[in-house]
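Working notes for the structure below.
Values reported hereafter were calculated over all heavy atoms of this structure, with side chains retained and with hydrogens, waters and symmetry mates removed. Being a predicted model, the structure only gives us computed values, none of them experimental. Here is the naming used below: chain letters follow the sequence lines, and residue numbers restart at 1 for every chain.
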Amino acid sequence: MVDPSLLNYVLPVVLGVYGLAYSIYSIVVLRGPTVPDMVLALDVMTVDLIIIYLLIALYYESPMLAIGAIPLASWILLLDFVVAKYLLEVRKK
Amino acid sequence: MIDVLLFVLGSSLMVLSAVLSLIGAVGFLRFRNFFLRLHSATVGSIGGGVYGLVGLALLTLSLDVPGYLKYYIFGVAIVSAALVVFASPTGSHILSRAAYRSGEAAPRPLIRDKLKEAGLE
Amino acid sequence: MTPVIILLLSAFSAVMALIATIKIVYERDVLKAIIISGVESLFYSIILASFLAPDLLIAYIAVGLGLNSAILLYALRGGERYEE
Amino acid sequence: MIAEALFYLIVFAVGVTIGVSIYGIIVRPHIVKKLVLLTILTDAANVMAVLFGYYLRAISPPVYPGGSLEDFAFPSSAQLREFSSISVDPIPQVLIVTAIVIGLAELIFLSLVAYNIGVNYKTLMINKLEVEEE
């Protein structure tokens with residue numbers, strides 16, 4: 001079995017790089033020129049946020065904080081579907 | 001012995017996945033068109049998400065912590081990875097189809113539009 | 001004691017939520033406003049996760065990210081998209 | 001020191017968000033934008049209530065850890081007192097779980113009203129609505 005104190009070398013580096021990517025995606029979502037760009041960046045940002053949840057749960061050593069990842073992962077498809085349906089229906093009108 | 005191997009494999013997968021996620025984020029800033037940004041979205045979601053979730057599951061399995069914490073995070077990471085593999089390419093495909101057909105994002109440096117020639121617009 | 005890096009991440013999320021609200025107020029396209037409100041719920045959910053509220057996190061993700069955007073887009077389908 | 005400064009920064013940002021969203025509800029004329037800002041107001045108020053029940057020394061959510069039967073299922077009074085010194089306050093979180101669901105029901109009702117306004121009057125701007133005189 002590996003000593004859990006080894007995590008102190010791995011977790012801050014990974015969490016820092018993921019936080020940097022998360023901030024760049026949030027700037028893209030706020031700035032993006034067209035609507036599909038913003039929805040696409042929101043998808044990738046959701047995937048990053050799942051890993052950030054699991055890393056926070058590993059930091060606090062509490063399994064209750066990790067359960068939020070599964071509803072977040074299953075709602076990725078919904079916003080794409082709704083926005084695509086809105087765009088096609090407005091064009092047809 | 002197998003635990004040290006799992007720990008090294010998992011942590012190297014996580015570092016690789018973090019770097020891939022950063023590359024995808026920079027690609028979102030540098031590309032100039034929506035249909036080009038789909039490539040960097042694929043790098044960011046599959047390379048940056050699924051590899052990291054599998055690496056996190058392997059890394060958690062090798063730690064010396066109580067069992068209910070270890071197996072809980074392992075199961076959540078595997079299920080989330082399966083959901084992301086299923087849902088992310090489907091969403092990108094639906095979105096790009098709607099963006100082309102509604103004229104919301106036009107492919108700007110366009111040489112020849114074969115979809116319009118075939119009458120499938 | 002709460003680690004500093006998690007507090008730093010949640011402080012960044014709170015400031016970005018403030019900027020997103022100001023952008024929603026001065027945005028002419030209402031469809032973009034709805035999508036930015038979805039991003040705002042992501043920012044608030046990371047604050048809830050780092051301030052130790054797991055039961056709240058489950059209810060808030062299921063309601064705030066998916067259902068609110070779908071219901072607001074259904075309401076937008078009845079009228080015009082741009083605001084004069 | 002730096003942790004307290006970051007915590008006060010978060011409280012300040014959430015408070016300013018509440019003020020900006022109230023300003024937007026009053027000023028902007030589009031009905032759907034009013035609904036968007038109303039959801040943001042609800043969410044910011046919920047997060048503010050969570051911040052009130054948080055201590056900087058806390059490292060555990062307000063759920064007593066399960067596990068093996070003889071250790072955790074029947075805790076003594078001293079064990080409970082020790083647990084409550086490292087966890088956050090559960091009362092605001094219990095209140096907010098009902099507030100989220102009530103906010104969803106209210107949003108469904110108001111968006112149905114907005115959809116019917118848009119279908120019947122052909123517009124969603126409040127300053128263009130005109131009632132036909134008999």
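- Contact count versus chain A (heavy atoms, under 4.5 Å) is highest, among B/S88, B/S80, B/A87, B/G52, for B/S80.
- At a 4.5 Å heavy-atom cutoff, the contact between A/I50 and chain B is made by side-chain atoms alone.
- Chosen from B/A81, B/A98, B/A25, the residue pairing most often with chain A at heavy-atom distances under 4.5 Å is B/A25.
- Chain B forms the most heavy-atom pairs under 4.5 Å with one residue out of A/L11, A/V83, A/I76, A/L7, and that residue is A/L7.
- Residue B/F35 places its CZ atom among more than 12 non-hydrogen atoms of other residues, nucleotides or ligands, all under 6.0 Å distant.
- Interface summary for chain B: among A/V47, A/L55, A/L72, the most heavy-atom pairs under 4.5 angstrom belong to A/V47.
- Between chain A and the options B/T90, B/L22, B/L38, heavy-atom pairs under 4.5 Å are most frequent for B/L22.
- Chain B forms the most heavy-atom pairs under 4.5 Å with one residue out of A/V14, A/I51, A/L15, A/L20, and that residue is A/I51.
- Among all heavy-atom pairs drawn from B/V76 and A/A69, the shortest one is CG1-CB, 4.0 Å.
- Annotation: B/Y72, atom OH; neighbour count of heavy atoms from other residues, nucleotides and ligands within 6.0 Å is above 12.
- Between chain A and the residues B/V79, B/V26, B/L69, the most heavy-atom pairs under 4.5 angstrom are made by B/L69.
- The CE atom of B/M14 lies 5.5 Å from the OH atom of A/Y18; values are rounded to the nearest 0.5 Å.
- For a residue to count as touching a neighbouring chain, one of its non-hydrogen atoms must lie under 4.5 Å from one of that chain's; by this rule B/F34 touches chain A with backbone and side chain alike.
- Interface remark: A/S23 contributes no atoms to any contact with chain B (heavy atom separation under 4.5 Å).
- Note that the OG atom of B/S102 and the OH atom of A/Y86 stand 11.0 Å from one another [nearest 0.5 Å].
- Within the 4.5 angstrom heavy-atom criterion, only side-chain atoms of A/T34, from C-beta onward, approach chain B.
- The shortest non-hydrogen separation linking B/S21 to A/Y25 is O-OH, 3.7 Å.
- Within 6.0 Å of NZ in A/K85 there are 12 or fewer heavy atoms belonging to other residues, nucleotides or ligands.
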Problem set entry | Derivation and outcome, side-chain contact (heavy atoms from CB on, under 4.5 Å), residues B/F28 and A/I24 | CA-CA 9 Å; B/F28 258 91; A/I24 293 176; 5.9 Å; no

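- For B/S96, no part sits under 4.5 Å from any heavy atom of chain A, backbone or side chain.
- We find the CG-CG distance between B/L95 and A/L42 to be 10.5 Å, quoted to the nearest 0.5 Å.
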For this session: Go through the steps to decide whether B/F7 and A/V10 satisfy the test side-chain contact (heavy atoms from CB on, under 4.5 Å), and finish with yes or no.
Result: CA-CA 10 Å; B/F7 186 83; A/V10 178; 4.2 Å; yes

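- Interface remark: A/D37 contributes backbone and side-chain atoms alike to the contact with chain B (heavy atom separation under 4.5 Å).
- Using a 4.5 Å cut-off between heavy atoms, B/L59 touches chain A through its side chain atoms alone.
- Residues A/L40 and B/S92 come closest through the heavy atom pair CD1-OG, 4.0 Å.
- Nearest heavy-atom pair across A/D3 and B/L63 is O-CD2, 4.5 Å.
- Closest approach of A/V44 to B/G44, counting heavy atoms only: CG1-C, 3.8 Å.
- The two atoms that bring B/G91 and A/L77 nearest to each other are N-CD1, 3.8 Å, heavy atoms only.
- Considering only heavy atoms from C-beta on, A/L54 comes within 4.5 Å of B/L53 through its side chain.
- Within the 4.5 angstrom heavy-atom criterion, no atom of A/V13 approaches chain B.
- Counted by atom type alone, A/Y9 and B/S11 present zero donor-acceptor pairs between their side chains at under 3.5 Å.
- Comparing B/I23, B/L6, B/L29 by heavy-atom pairs within less than 4.5 Å of chain A, the highest count is held by B/L29.
- Using a 4.5 Å cut-off between heavy atoms, B/L56 touches chain A through its side chain atoms alone.
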For this session: Apply side-chain contact (heavy atoms from CB on, under 4.5 Å) to the pair A/L88 and B/R97, showing each step before the final yes or no.
Result: CA-CA 9 Å; A/L88 288 179; B/R97 181 177 183 272; 3.9 Å; yes

For this session: Give the C-alpha distance, both sets of side-chain angles, the deciding distance and a yes or no for side-chain contact (heavy atoms from CB on, under 4.5 Å) between A/E61 and B/I73.
Result: CA-CA 10 Å; A/E61 292 187 352; B/I73 293 184; over 6 Å; no

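- Residues B/S45 and A/D43 have side chains that never bring a donor and an acceptor to within less than 3.5 angstrom of each other.
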